[in-house]
Asks: 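First the structure, which I've put down as structure tokens, then a few questions once you've had a look.
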Amino acid sequence: MAEKKGPLARDLLGWVLDRRQILIKLGAFAITAPALTSCGEDDGTDNPSSGSTGSAGGTGGGGGGTGTTTSSSSGTTSASSTSSGTGGAGEGGAGVGGAWGDDSLNLDPSIFEDAVRCALTTTDIEGPFFIDDSEIPNDISLFRSDLRDGHPGCEFQFYFRLLDARNNCEPIPDAEIYIWHCDADGYYSGFDGQDPSTPYSGPGERTVENDERFCRGVQLTDRNGIAGFRTIWPGWYAGRPVHVHLVARINGSTTRLITTQFYFEADFSRQIYENEPAYKARSTNIPASSLNPPGFGNPAMPTMSYTPGLVIGKLNVIVNG
């Protein structure tokens, strides 16, 4: 993605500012199908087995609080619970590991010690709502950590650690991590003609109709392979389980390391929808297909915690780099 002029969110992680000079054009990615393992360190092994399973499929397109947290599991293995009071809710607060707004700190890798281990799975499809700002003249820069753009919703801090399965799960630094998802009402930025109440997979051809860019952005992984985002919890729309899209690549390459989507336990999503003001109006009669994660393909599912007003997600993403 090209570095472009435009206002940057004031909550950019400091280590991104240190690396802005190396940001290069994201370009049109060549899509490969490397295996993905989203894993924790629950079994003491760092080197995942190779291979892949069937495609996950689906049409894409889609100060810290205290109190009791709720954790999800992968559906294939159990997840460790996270402690209460992690992360930072509120503008300018410290995130997990204390990195928000502090250019002297990197995110602490220990926050991933209880991340969920999932079975090895193939990558998921990109989906129709991807936007590359390098192909849109005078677009805003998507290199930012705060993706909220003033949209209401429960704050969602999402942290990733990118690891190389072919190198004993060593961190992959300076990789571009791009995530995007819908807002609290089920709409994606940049595209018109959406109706979250009916099954919809996006336009037949990707044609960006407006200049909104909420709930999408890019970060570079730090020396520990970690990148973090501050966004809002995605709403639901008919025809797809609640999910977040992700693509990653190494700077200077046109080949993606991974293209995938992340999913969440139905009860975890329902709890947020029923308790957070921005979602309550749409919290009744949510279709099961919009809550239940895919029942096939070993979908990637982060470790999650929730306190009122704040959701935190963590995921180790292991690729065949």
Side-chain angles (χ1 to χ4, degrees), residues 1 6-7 9 58-62 124-133 135-136 139-142 144-158 178-218 229-247 259-264 266 268-294 302 306 309-311 313:
M1 289 188 178
T59 53
D124 210 330
I125 65 171
E126 175 190 289
F129 291 108
F130 176 80
I131 294 177
D132 181 356
D133 66 351
E135 63 189 5
I136 303 171
D139 199 12
I140 69 166
S141 173
L142 291 181
R144 56 190 189 150
S145 63
D146 192 331
L147 315 183
R148 295 173 293 181
D149 288 359
H151 278 242
C154 181
E155 180 174 338
F156 183 16
Q157 295 181 9
F158 209 170
Y178 178 6
I179 69 168
W180 71 100
H181 60 85
C182 66
D183 68 2
D185 292 320
Y187 291 94
Y188 282 86
S189 60
F191 298 89
D192 298 332
Q194 301 173 63
D195 182 0
S197 65
T198 61
Y200 178 65
S201 60
E205 295 183 5
R206 190 175 76 237
T207 303
V208 180
E209 290 96 353
N210 61 62
D211 60 3
E212 293 180 317
R213 298 294 180 266
F214 57 83
C215 299
R216 62 174 73 240
V218 183
F229 297 88
R230 174 178 286 172
T231 184
I232 58 174
W233 181 255
W236 65 271
Y237 61 94
R240 289 299 321 285
V242 181
H243 61 282
V244 173
H245 300 258
L246 179 145
V247 297
T259 303
T260 194
Q261 300 178 39
F262 304 121
Y263 302 91
F264 312 95
F268 186 87
S269 298
R270 185 181 291 108
Q271 182 182 19
I272 297 169
Y273 293 153
E274 292 177 352
N275 288 281
E276 294 293 331
Y279 309 87
K280 283 185 177 181
R282 302 181 70 234
S283 66
T284 59
N285 301 319
I286 303 176
S289 60
S290 297
L291 285 175
N292 295 327
Y306 168 61
L310 176 64
V311 177

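Position 1 is the first residue of the sequence; numbering continues from there.
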Asks: Is the backbone N or O of R282 less than 3.5 Å from a side-chain atom of W236, with the two atoms forming a donor-acceptor pair by type?
Replies: yes
Asks: Sub-3.5 Å donor-acceptor pair from the side chain of E209 to the main-chain atoms of D192, do we have one?
Replies: yes
Asks: Do side-chain atoms of Y178 reach the backbone of I131 as a donor and acceptor pair under 3.5 angstrom?
Replies: yes
Asks: Please enumerate all residues that pass side-chain contact (heavy atoms from CB on, under 4.5 Å) together with P199, with sequence neighbours excluded.
Replies: A238
Asks: To the nearest 0.5 Å, what is the distance between CH2 (W180) and CZ (F229)?
Replies: 11.0 Å
Asks: Roughly how far apart are S283 OG and E274 CD, rounded to 0.5 Å?
Replies: 5.5 Å
Asks: Can you check whether P293 reaches F264 side chain to side chain, under 4.5 Å on heavy atoms?
Replies: no
Asks: Measure from the side-chain N and O atoms of Y263 to the backbone N and O of N292, and report whether any donor-acceptor pair falls under 3.5 Å.
Replies: no
Asks: Assign the ring pair Y279 / Y273 to parallel, tilted or perpendicular, where the plane angle (0 to 90°) is split at 30° and 60°.
Replies: tilted
Asks: Below 4.5 Å, heavy atoms only, C-beta onward: do Q261 and V244 meet side chain to side chain?
Replies: no
Asks: Would you say R230 and S145 make side-chain contact, with heavy atoms under 4.5 Å?
Replies: no
Asks: Please step through ring-ring contact (aromatic ring centres under 6.0 Å, His included) for the pair F158 and W233, ending with a clear verdict.
Replies: CA-CA 10 Å; F158 209 170; W233 181 255; 8.5 Å; no
Asks: Looking only at non-hydrogen atoms, find the nearest pair between L147 and G217 and report the distance.
Replies: CD2-CA, 3.6 Å
Asks: Which heavy atom of G186 sits nearest a heavy atom of C182, and at what distance?
Replies: C-CB, 3.6 Å
Asks: Hey, does D124 have a side-chain heavy atom less than 4.5 Å from the side chain of L246?
Replies: no
Asks: When rounded to the nearest 0.5 angstrom, what distance separates OG1 in T231 from NE2 in H151?
Replies: 10.0 Å
Asks: Taking side chain as C-beta onward, heavy atoms only, is V311 less than 4.5 Å from Q157?
Replies: no
Asks: Is a donor on one side and an acceptor on the other found under 3.5 Å between the side chain of R270 and the backbone of I286?
Replies: no
Asks: Does a side-chain heavy-atom distance below 4.5 Å link I232 with E155?
Replies: no
Asks: Is there a donor-acceptor contact under 3.5 Å from the side chain of H245 to the main chain of E126?
Replies: yes
Asks: With sequence neighbours left out, write down each residue that passes side chain to side chain donor-acceptor pair (under 3.5 Å) with S269, or none if nothing qualifies.
Replies: none
Asks: Taking all atoms of both residues into account, what is the closest heavy-atom pair of G239 and S290, and its distance?
Replies: N-OG, 3.9 Å
Asks: Under the side-chain contact (heavy atoms from CB on, under 4.5 Å) test, which residues partner N275, sequence neighbours left out?
Replies: Q271, Y306
Asks: Can you name the closest pair of heavy atoms from P152 and A184 and give their distance?
Replies: O-CB, 3.6 Å
Asks: Examine distances only and state if a side-chain atom of N210 and a backbone atom of E212 form a donor-acceptor pair shorter than 3.5 Å.
Replies: yes
Asks: Has E276 got a side-chain atom pairing as donor or acceptor with G309's backbone, closer than 3.5 angstrom?
Replies: yes
Asks: How about I136 and R213: do any of their side-chain heavy atoms sit closer than 4.5 Å?
Replies: yes
Asks: How long is the gap from CZ on F156 to CZ on R148, to the nearest 0.5 Å?
Replies: 13.0 Å
Asks: Using modelled atom types only, decide if a donor and an acceptor are shared between the side chain of S189 and the backbone of F214 within a distance under 3.5 Å.
Replies: yes
Asks: What is the distance from atom OG1 of T260 to atom CD1 of I125, rounded to the nearest 0.5 Å?
Replies: 10.5 Å
Asks: Any non-hydrogen side-chain atom of P241 less than 4.5 Å from a side-chain atom of P294?
Replies: yes
Asks: Can you tell whether the side chains of R144 and D149 come within less than 4.0 Å, N to carboxylate O?
Replies: yes
